[in-house]
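Worth knowing before you read on, the calculation uses all heavy atoms, side chains too, and leaves out hydrogens, waters and symmetry mates. The structure displayed is predicted, hence computed values, not measured ones.
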Amino acid sequence: MDAVQQQFVEMLEPHGIALNEHQLSQFEIYYKELVDWNERMNLTGITERDQVYLKHFFDSLSLAFYVPVDDHAALADIGSGAGFPSIPLKIAFPHLQVTIVDSLNKRIQFLNHLTMALGLSNVTCVHGRAEDVARGAAHRDRYDLVTARAVARLAVLNEFCLPFTSVDGLFVAMKGQDIGDELKEAGRSLQELHAKVVETHRFILPIEESVRHLVITKKIDSTPAKYPRKAGLPMKEPLLS
């Protein structure tokens, strides 16, 4: 274990996350594959090793600081990009059954390759728009934990993600900036999609001291038949309060 991984381990320890040698090896493979594929396609603007461990791996695992991941089985990651936060969560919590939805096929190809390179089981990568995929019976109201990391504003994310969430399940939006305005404008979407915000958390990313927010929303009833609306409409005409 070198200095970067040692720092990674030490930052996770206060949060009760302990990684074994195999898991640390998986994170290092993840880093190498990310940088390699990033030379051929745009996966991330962050390629320095210490920054990937901090801003991608540690940041992804921060969800588990506030949500008891051990109590959840089926995770859907919507608009995952290069696999954040779902793949770091899967490495740290191998029991998770993960479904990743992304609209760009090249990213899905990377994620399928990555899953094999890491030796991960029970990871399914789905190519498609969230609005279309959520209408399929295999995915609708199906996942007890749904995530999205810095994809869109909350009013839009709710329509993307809550249709995937099971009744009594959680949707966790991982945000960077101040979320006050987003929470205010998301009220209508929460009401329409039968959900309520149950917790919000603000924390500081170590070392660089940038602000992060988590918005934890609980699904209280099944998704109305009219949602999500057709692909593209949630972004163009969000359900604003």
Donor-acceptor under 3.5 Å ([X] side chain, [Y] main chain):
X	Y	result
Asp77	Ser86	yes
His194	Val167	no
Gln26	Leu118	yes
Thr115	Leu111	yes
Asp50	Val4	no
Asp144	Ala73	yes

Under 3.5 Å, is there a donor-acceptor pair between the [X] and [Y] side chains?
X	Y	answer
His201	Glu199	yes
Thr44	His56	yes
Arg149	Thr147	no
Glu192	Tyr227	yes
Tyr143	Thr99	yes

Can [X] and [Y] be counted as an ion pair, charged N to O under 4.0 angstrom?
X	Y	value
Asp141	Lys219	yes
Glu131	Lys230	no
Lys175	Glu182	yes
Arg49	Glu28	yes
Arg202	Asp178	no

Would the number of heavy atoms belonging to other residues, nucleotides or ligands and lying under 6.0 Å from [atom1] of [X] be above 12?
X	atom1	result
Gln6	CD	yes
Met1	CE	yes
Glu10	CD	yes

task: Decide if the gap between the ring center of Phe171 and the ring center of Phe160 is smaller than 6.0 angstrom.
output: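 No - the distance between ring centres of Phe171 and Phe160 does not fall below the 6.0 Å cut-off.
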query: Quick one: are the ring centres of Tyr30 and Phe57 less than 6.0 Å apart?
result: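 Distance test on ring centres: under 6.0 Å, yes.
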message: side chain to side chain contact (heavy atoms under 4.5 Å, CB included) for Lys196 and Thr217? Distances and angles first, verdict last.
response: CA-CA 5 Å; Lys196 63 179 180 180; Thr217 299; 5.8 Å; no
message: Quick check for you: to the nearest 0.5 Å, what is the distance between Ile91 atom CD1 and Leu19 atom CG?
response: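 It is 9.0 Å, given to the nearest 0.5 Å.
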task: Could you pull out all residues at least two apart from Asp181 that satisfy salt bridge (charged side-chain N to carboxylate O under 4.0 Å, His left out)?
output: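 Counting only residues at least two positions away or on another chain, Asp181 forms no salt bridge (charged side-chain N to carboxylate O under 4.0 Å, His left out).
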query: Are any of the side-chain heavy atoms of Glu208 and Lys55 separated by less than 4.5 Å?
result: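 Result yes, sub-4.5 Å side-chain heavy-atom pair found.
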- prompt: Between Tyr53 and Phe8, how do the two ring planes meet: parallel, tilted or perpendicular, split at 30° and 60°?
  reply: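 Tyr53 and Phe8: perpendicular rings.
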message: Side-chain heavy atoms nearer than 4.5 Å, only ILVMFWY residues, links allowed to pass through others: does that put Val211 and Leu154 together?
response: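 Shared cluster, no.
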Closest non-hydrogen atom pair between Pro88 and Gly83, with its separation: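 So the two residues come closest at CD-O, 3.3 Å.
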